[in-house]
Amino acid sequence: MLRSCVSRLRTLAVQRGLPGGAPLPAKDPWSPRVNPGAGRRERAAKPGCVRGDPRSFSSEVMHMDLSLPNPSWSEDMRLLFDQFMKKSEDGSWKHLPSYKSKFTQETEDIKIYFPDAKLMKEKLSQAQLFPRSLEEGLGFEYAMFHNCVEDRTVCIFQGGPYLQGVPGFLHGGAIATMIDATLGTCAVVAIGVAMTASLNISFKRPIPLGSVVVINSQVDKVEGRKLFLSCNIRSVDEKTVYSEATSLFVKLDPKTRLT
Ligand SMILES: CCCCCCCCCCCCCCCC(=O)SCCNC(=O)CCNC(=O)[C@H](O)C(C)(C)COP(=O)(O)OP(=O)(O)OC[C@H]1O[C@@H](n2cnc3c(N)ncnc32)[C@H](O)[C@@H]1OP(=O)(O)O
């Protein structure tokens, strides 16, 4: 019993990068917690990006751009990210930063839909964006890029070990989450604050855990406040179509309260 407690504490010490933990492989994406450098984002040059171990400064984690490469990213993920960053140099594509929690323009915009702005502010101070709520490498690792001319958002996504459904493959709910997040971002960039009214997904092939996939979304049609979007998820070599989805997003009516 004592031995198992010591062993558990030792494991926790390793996970938190504390002394006493046995060393583990430095670049194992399946054990990001045990990588002492795993909390660091490599590209810290962008505005708003914080250098150092974010776990020691929780407010900094909230404000750190989490869509930048980190040690849990596979080679495929890094290559795709670099390709899209290259495409962004001429301005046709734009890298969209992503935070656990941050008062962005969207946060400001949504306040008007709540009758009690003070209560809303309190709630928001505790809130985290769902796909960013798991620790680095364990859940949703992704970066999004938007093309304003073509009304398209591309998400490069690597699903970590905590997103398992059928053993070895991603959970359908995790896939749906990333589809919704990508379509939602495409919608918000296109028309402002909007919510998912309907989402229809066809799961065609299972997505292996830890693999990198590309979610391609686009605006198909706009009818007043209604925005119809579709997307597909493909393998990096584009040969496998894993999922397809269609959706309706509705731009919120400033006259209507959400609660
Ligand atoms: C530069 C950096 C940028 C970065 C940028 C990143 C931003 C960061 C993005 C985060 C991205 C997260 C993405 C997560 C997105 C969610 O997960 S949202 C959560 C799930 N969705 C919900 O909870 C929504 C619940 N539903 C509702 O609140 C309301 O039904 C809605 C959707 C707001 C619509 O209500 P409403 O505004 O009162 O609309 P209403 O007047 O009833 O209907 C308007 C029209 O839509 C139609 N409609 C409404 N609902 C439906 C429906 N379910 N089916 C079919 N038609 C419908 C109506 O029939 C009507 O059609 P018309 O008669 O005009 O032809």
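Each ligand, and each atom within it, is numbered from 1 in the order the structure gives. For the single chain, residues carry numbers from 1 onward in sequence order.
By the criterion of a heavy-atom distance under 4.0 Å, both the backbone and the side chain of T196 are placed next to ligand 1. Contact annotation for H146 and ligand 1: no heavy atom of the residue comes within less than 4.0 Å of the ligand. Residue L183 does not touch ligand 1, judged by heavy-atom distances below 4.0 Å. If you look at L252 next to ligand 1, the close heavy atoms, those under 4.0 Å, all belong to the side chain. Residue-level proximity to ligand 1 for K226 is carried by the side chain, the only part with a heavy atom below 4.0 angstrom.
Between the side chain of Q158 and the main chain of S74, a donor-acceptor pair closer than 3.5 Å is present. Remark: side-chain polar atoms of T182 are not paired, donor with acceptor, to backbone N or O of C155 under 3.5 angstrom. Side-chain N or O atoms of D65 include one that pairs as donor or acceptor with a backbone N or O of S98 at under 3.5 Å. One N or O on the side chain of S101 and one on the backbone of A127 form a donor-acceptor pair closer than 3.5 Å. Under a 3.5 Å cut-off, the side chain of R205 and the backbone N or O of R234 do not form any donor-acceptor pair.
Those atoms of ligand 1 that come under 4.0 Å of a heavy atom in D180, given as number and element, are 13 (C), 14 (C), 15 (C), 16 (C), 17 (O). In summary, the atoms of ligand 1 found under 4.0 Å from a heavy atom of V250, numbered by their order in the structure, are 34 (C), 37 (O), 46 (O). Distances below 4.0 Å separate heavy atoms of L248 from the following atoms of ligand 1: 55 (C), 56 (N), 57 (C).
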**Intermediate values then yes/no, salt bridge (charged side-chain N to carboxylate O under 4.0 Å, His left out), K87 and E89** = CA-CA 6 Å; K87 285 184 187 176; E89 281 172 7; over 6 Å; no
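Of the candidates A197, P97, A187, it is A197 that places a heavy atom closest to atom 52 (C) of ligand 1. Counting only non-hydrogen atoms, the option in R225, K94, K255, K251 that gets closest to atom 39 (O) of ligand 1 is R225.
Between F145 and F84, the ring-plane angle classifies as parallel under the 30° and 60° cut-offs.
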